Amino acid sequence: MSSRAAAKTKPTDQQADRPARLLAWYDRHRRKLPWRAVAGERADPYCVWLSEIMLQQTTVRAVGPYFEKFVARWPDVTALGRAALDDVLRMWAGLGYYSRARNLHACAVAVLNDHGGVFPNTEDGLRALPGIGPYTAAAIAAIAFDRRTMPVDGNIERVVTRLYAIEAALPQAKPLIQEMAATLLGPSRAGDSAQALMDLGATICTPKKPACALCPLNDDCAARVRGDQETFPRKAPKKSGALRRGAAFVVTRGGELLVRSRPEKGLLGGMTEVPGSQWLAGQEDAAALAQAPELKGVARWHRKAGIVSHVFTHFPLELMVYTASVPPRTRAPEGMRWVPVATLDGEAFPNVMRKVIAHGLDL
DNA sequence: AATTCGTGGCG
DNA sequence: TCGCCAAGAAT
């Protein structure tokens with residue numbers, strides 16, 4: 001009822017009126033997303049949590065199919081908490097940032113064991129769970145439990161730094177942005193306020209070429225007045241990582257492929273890979289890396305023409321691919337195993353490994 | 001506090 | 001093409 005009244009209120013005080021204008025815009029233009037409740041209804045905490053974890057540094061488009069798959073297989077936190085970690089990793093394969101999958105499972109187990117299968121309904125309670133940081137705790141508290149708090153993600157950072165023309169650079173400016181973002185909270189509907197800012201950032205206040213003419217806050221946007229919207233938020237320059245090179249071995253035994261699991265910590269933690277060399281920077285002759293002690297028994301290798309290129313967040317990678325075919329009943333080296341090529345889709349391969357295998361097997 | 005975590009799409 | 005960016009967290 002408050003939103004209806006606010007929509008008809010004359011914006012005499014622009015500053016004070018922002019929360020209401022934001023919600024009025026949201027009520028007309030909110031995106032329909034799989035994890036979002038029908039307008040006016042409270043969202044399911046499990047769906048909010050699952051989507052928020054998946055959406056960390058990941059686009060709505062990429063998350064969509066994964067969210068649907070997860071909810072279909074594990075409809076509630078209890079089901080997910082009882083699932084095998086390997087199954088969760090396999091379902092997560094391809095989405096990236098794999099520690100999220102590990103923490104997702106750990107969080108479900110914690111909710112099940114320590115909270116009776118019910119999510120904590122406070123920001124602090126949520127913040128204590130694995131994989132839930134400051135943003136996600138605030139987002140779930142606001143969206144699923146209507147707590148009056150403002151989560152600040154990349155979208156909201158952009159909207160707020162433009163609205164107030166905040167000159168301080170990220171990440172140092174985070175506390176200030178958090179403070180200013182909170183001014184956009186009205187007396188109620190905190191979750192909708194947050195989602196409104198996210199939708200605004202995603203559809204109107206975009207990084208490039210923002211559609212300011214359509215923005216409900218354009219009247220008093222400081223950056224727009226100055227005409228340099230696109231320069232916000234200010235960011236400290238980030239250094240790009242050096243190219244690394246390595247070799248990967250695609251070894252087949254009939255219709256089977258030789259694989260192993262990566263260590264649980266670190267890059268691609270816990271995911272499946274084909275054996276390979278280390279990935280090193282400043283390696284002039286990548287062929288020198290094509291020595292794998294465990295695979296010395298293989299009679300003849302074939303250097304596959306071409307290179308598999310991949311770009312991680314902090315470094316680009318080039319892999320040479322070597323293939324070999326070994327006789328039936330050849331034992332897998334220590335720590336490795338054979339998996340049927342026919343079921344590779346169900347394995348926990350990160351995308352870089354899917355590229356390698358596709359290259360080596362001519363898939 | 002600065003790094004380390006994937007992947008895909010976009011201009 | 002290639003750097004930027006996406007509902008950040010853990011260390």
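Computation of the quantities below employed the complete heavy-atom set of this structure, encompassing side-chain atoms and omitting hydrogens, waters and symmetry-equivalent molecules. Reminder, nothing fancy here: chain letters follow the sequence lines and each chain counts from 1. Just so you know, these numbers come straight off a predicted model, no measurement behind them.
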- Message: By the 4.0 Å heavy-atom rule, please label Arg354(A) as base, sugar-phosphate, or nothing.
- Response: nothing
- Message: Categorize Gly266(A) for me: base, sugar-phosphate, or nothing, with a 4.0 angstrom heavy-atom threshold over every strand shown.
- Response: sugar-phosphate
- Query: P atom, dT11(C) versus dG6(B): distance in rounded Å?
  - Reply: 14 Å
- Message: Please determine whether a side-chain nitrogen of the Lys or Arg among Glu230(A) and Lys208(A) lies less than 4.0 Å from a carboxylate oxygen of the Asp or Glu.
- Response: no
- Task: Tell whether Tyr97(A) reaches the base of dG6(B) with its side chain through a donor-acceptor pair below 3.5 angstrom.
- Result: yes
- Task: May I ask you to say whether Arg90(A) pairs ionically with Asp87(A), meaning some side-chain N is under 4.0 Å from a carboxylate O?
- Result: yes
- Query: Are the side chain of His359(A) and the backbone of Ala305(A) linked by a donor-acceptor contact shorter than 3.5 Å?
  - Reply: yes
- Query: Touch check for Ser240(A), heavy atoms < 4.0 angstrom, all strands: base, sugar-phosphate only, or nothing?
  - Reply: nothing
- Taking atom P in both dT3(B) and dC4(C), compute the distance separating them and give it to the nearest angstrom. 16 Å
- Item | Backbone of Cys212(A) reached by a side-chain donor or acceptor of Arg224(A) within 3.5 Å | no
- Do NZ/NE/NH1/NH2 and the carboxylate oxygens of Glu123(A) and Arg147(A) come within less than 4.0 Å? no
- Task: Quote, to the nearest angstrom, the C1' distance that separates dG8(C) from dA1(B).
- Result: 16 Å
- Query: What distance, rounded to whole Å, do you find between the two C1' atoms, one in dG9(B) and one in dA9(C)?
  - Reply: 23 Å
- Query: Looking across every strand, which nucleic acid part, if any, lies under 4.0 Å from Gly94(A) by heavy atom: base, sugar-phosphate, or nothing?
  - Reply: sugar-phosphate
- Query: Using a cut-off of 4.0 Å on non-hydrogen atoms, how would the nucleic acid contact of Leu33(A) be classed: base, sugar-phosphate, or nothing?
  - Reply: base
- Message: OP1 or OP2 of dA9(C) versus the side-chain N and O atoms of Thr136(A): is any pair under 4.0 Å?
- Response: yes
- Task: Look at the side-chain N and O atoms of Asn103(A) and state whether any lies under 4.0 Å from the OP1 or OP2 oxygen of dA9(C).
- Result: no
- Taking NZ from Lys235(A) and P from dG3(C), how many angstroms apart are they, rounded to a whole number? 16 Å
- Do Tyr66(A) and Thr58(A) pass the side chain to side chain donor-acceptor pair (under 3.5 Å) test, and can you show the C-alpha distance, the side-chain angles, and the key distance before you say yes or no? CA-CA 11 Å; Tyr66(A) 282 85; Thr58(A) 308; over 6 Å; no
- Looking for any heavy atom pair under 4.0 Å, which part of the strands does Leu268(A) touch: base, sugar-phosphate only, or nothing? sugar-phosphate
- Query: Do you reckon Tyr164(A) sits in the same ILVMFWY cluster as Phe232(A), going by side-chain contacts under 4.5 Å, direct or chained?
  - Reply: no
- Query: Has the side chain of Thr58(A) got a donor or acceptor atom sitting under 3.5 Å from an opposite partner on the base of dG6(B)?
  - Reply: yes
- Query: Should the ring pair Phe315(A) and Phe312(A) be called parallel, tilted or perpendicular, given that the plane angle runs from 0 to 90° and is split at 30 and 60?
  - Reply: tilted
- Choosing from dG8(C), dA7(C), dT11(C), which nucleotide comes nearest the side chain of Lys265(A)? dT11(C)
- Message: Under 4.0 Å from OP1 or OP2 of dC5(B): is there any side-chain N or O of His314(A) that close?
- Response: yes
- Query: Is there a side-chain polar atom (N or O) of His310(A) under 4.0 Å from OP1 or OP2 of dT7(B)?
  - Reply: yes
- Item | Between dT1(C) and dG8(B) - C1' atom distance, rounded Å | 16 Å
- Query: Do Arg127(A) side-chain and dA10(C) base share a donor-acceptor contact under 3.5 Å?
  - Reply: no
- Report which part of the nucleic acid Trp35(A) touches: base, sugar-phosphate, or nothing (heavy-atom distance under 4.0 Å, all strands). base
- Task: Starting at atom CD of Gln56(A), determine the distance to atom P of dA10(C), rounded to an integer number of angstrom.
- Result: 8 Å
- Query: Say you pick atom P in dG11(B) and the same atom in dA7(C); how far apart are they, in whole Å?
  - Reply: 15 Å
- Task: Among the candidates dA7(C), dC5(B), dA6(C), find the nucleotide nearest to the side-chain atoms of Leu267(A).
- Result: dC5(B)
- Note on the structure: Residue pair Val60(A)/Pro130(A) against DNA chain C: nearer the 5' end by closest nucleotide is Val60(A)
- Task: Please state how far atom CZ in Phe312(A) lies from atom C1' in dC4(C), giving the value in whole angstrom units.
- Result: 19 Å
- Query: Looking for any heavy atom pair under 4.0 Å, which part of the strands does Val352(A) touch: base, sugar-phosphate only, or nothing?
  - Reply: sugar-phosphate
- Item | Length of the CZ-C1' vector between Arg102(A) and dG8(C), whole Å | 18 Å
- Message: Using a 4.0 Å cut-off on heavy atoms, which residues in residues 151-182 of chain A reach DNA chain B? List them by number, or say none.
- Response: Gln172(A)
- Item | Whole-Å distance separating the CZ atom of Arg234(A) from the P atom of dC4(C) | 16 Å
- Note on the structure: Closest to the 5' end of DNA chain C, once Ile143(A) and Lys208(A) are matched to their nearest nucleotides, is Lys208(A)
- Message: How long is the straight-line distance from OG of Ser240(A) back to NZ of Lys238(A), given to the nearest 0.5 Å?
- Response: 10.5 Å
- Give me the ring orientation class for Trp301(A) and Phe249(A): parallel if the planes are under 30° apart, tilted from 30 to 60°, perpendicular past 60°. tilted
- Query: Does a side-chain N or O from Gln57(A) land closer than 4.0 Å to OP1 or OP2 of dG8(C), or not?
  - Reply: yes
